[in-house]
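Start at 1 with the first residue, then count along the sequence.
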Amino acid sequence: NPFGFYCGGVLCDLREKASFFIPYGDYYILLDPHVILTTVNMNNALTENNYIFIPGFIPQERSKLLSDEFKKYANDNNLCGDPQAENSQSAYNFIGFLELLCEKTPEVSSIIEETVLPTYSYARVYRNGSVLDPHVDRKACEISITVNLDADKIWPIWILTPTKEKRCVQLNPGDAMLYLGCAAPH
């Protein structure tokens, strides 16, 4: 059975959120994570295309290891799909993906030329016949990143540019697509 495995990390723009943090001892509490991302100083490639392709975002060996860990977790815990892709297995905030999200946050900030914070991770194993219809992400997904961890064939991801052009991005294991999740149908 053909399959594809992607994990997504979601980040939010820190600049607009500074006033929403309240100090609490050595920690800060975020009161409202739903703020609109402004793109004034953001990487031009991202704002002009709604996405940036990042080849080799993680090494293929790590990609395969993360994929194997999540597939085992999904099978051991009998995970189901979600309403967006029923013939799949999916979960929020798998520990390995949260670690990856936090580790890669500074790199993502550098790529988009804005400071971002991680909000959550989501992973899905697509099975033969799985379909994910075009959609936009919820407000917590201002900056989304999809990483192909493993696949038996190239699975294209389509995204709509600001000029309404449909673009196909083909990710090999370890490659990523960073995109404006709330703004760009994908």
Side-chain angles (χ1 to χ4, degrees), residues 3-18 20-22 24-35 37 46 51-85 88-112 114-126 130 132 135-151 155 157 171-182 186:
F3 76 96
F5 183 64
Y6 290 82
C7 78
V10 182
L11 303 119
C12 60
D13 180 32
L14 177 60
R15 180 191 60 228
E16 294 296 317
K17 293 177 174 35
F20 293 97
F21 285 94
I22 295 177
Y24 181 77
D26 291 335
Y27 301 95
Y28 286 85
I29 298 172
L30 179 62
L31 290 180
D32 181 7
H34 303 293
V35 201
L37 174 68
L46 180 59
Y51 75 96
I52 296 174
F53 170 66
I54 309 170
F57 185 64
I58 61 173
Q60 287 188 354
E61 299 78 26
R62 184 170 185 200
S63 156
K64 179 71 171 136
L65 177 66
L66 287 168
S67 170
D68 290 347
E69 287 175 2
F70 184 73
K71 285 188 281 187
K72 180 178 181 346
Y73 173 80
N75 289 330
D76 289 352
N77 291 282
N78 201 24
L79 296 183
C80 298
D82 58 48
Q84 284 188 303
S88 66
Q89 291 176 294
S90 55
Y92 283 96
N93 297 324
F94 178 69
I95 191 68
F97 303 147
L98 284 175
E99 291 169 349
L100 178 65
L101 177 61
C102 292
E103 171 192 327
K104 290 294 197 171
T105 296
E107 183 178 342
V108 170
S109 290
S110 177
I111 290 168
I112 70 167
E114 288 288 344
T115 302
V116 294
L117 291 174
T119 55
Y120 71 90
S121 73
Y122 189 76
R124 185 180 286 130
V125 178
Y126 293 93
S130 294
L132 181 61
H135 64 280
V136 292
D137 296 334
R138 60 185 173 166
K139 291 180 182 180
C141 306
E142 296 166 302
I143 304 293
S144 295
I145 188 160
T146 295
V147 182
N148 178 346
L149 295 180
D150 192 15
W155 286 43
I157 299 175
L171 303 178
N172 291 307
D175 294 345
M177 181 176 81
L178 186 147
Y179 51 100
L180 299 175
C182 299
H186 55 279

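In this structure, the separation between CD1 on Ile157 and NE2 on His186 is 8.5 Å, given to the nearest 0.5 Å. Interatomic distance, Thr146 OG1 to Tyr179 OH, rounded to the nearest 0.5 Å: 3.0 Å.
In this structure Pro106 satisfies the side-chain contact (heavy atoms from CB on, under 4.5 Å) test with no other residue, sequence neighbours excluded. Taking the side-chain contact (heavy atoms from CB on, under 4.5 Å) definition, one finds that Asn77 meets it with Tyr73, Leu79, sequence neighbours left out. With sequence neighbours left out, Gln60 forms a side chain to side chain donor-acceptor pair (under 3.5 Å) with no residue at all. Contacts of Ile54 classified as side-chain contact (heavy atoms from CB on, under 4.5 Å), with partners at least two apart in sequence or in another chain: Ile52, Phe57, Ile111, Ile145, Ala176, Leu178. By the salt bridge (Lys or Arg N to Asp or Glu O under 4.0 Å) test, Glu107 pairs with Lys104, sequence neighbours left out. Glu99 pairs by the salt bridge (Lys or Arg N to Asp or Glu O under 4.0 Å) definition with nothing, not counting sequence neighbours.
A donor-acceptor pair under 3.5 Å is formed between the side chain of Asn93 and the backbone N or O of Ser121. Between the Asp150 side chain and the Ser67 main chain, no donor and acceptor come within less than 3.5 Å of each other.
Nearest heavy atom pair, residue Leu171 against residue Asn148, reads O-ND2, 2.7 Å. Nearest heavy atom pair, residue Cys102 against residue Pro118, reads SG-CG, 4.1 Å. The two atoms that bring Tyr51 and Phe53 nearest to each other are CD1-N, 4.0 Å, heavy atoms only. Residues Pro173 and Ser63 approach most closely at CB-OG, 3.8 Å, considering heavy atoms.
Here the side chains of Val147 and Phe97 are not in contact, with every heavy-atom distance at 4.5 Å or above. By the 4.5 Å heavy-atom criterion applied to side chains, Val108 and Leu101 are not counted as neighbours. With contacts defined as side-chain heavy-atom distances shorter than 4.5 Å, the pair Ile143/Glu114 does not qualify.
Using a 4.0 Å cut-off between a side-chain N of Lys or Arg and a carboxylate O of Asp or Glu, Lys64 and Asp68 qualify as a salt bridge.
Considering Leu100, Asp175, Leu65 as possible partners of Ile58, the one that fulfils the side chain to side chain contact (heavy atoms under 4.5 Å, CB included) test is Leu100.
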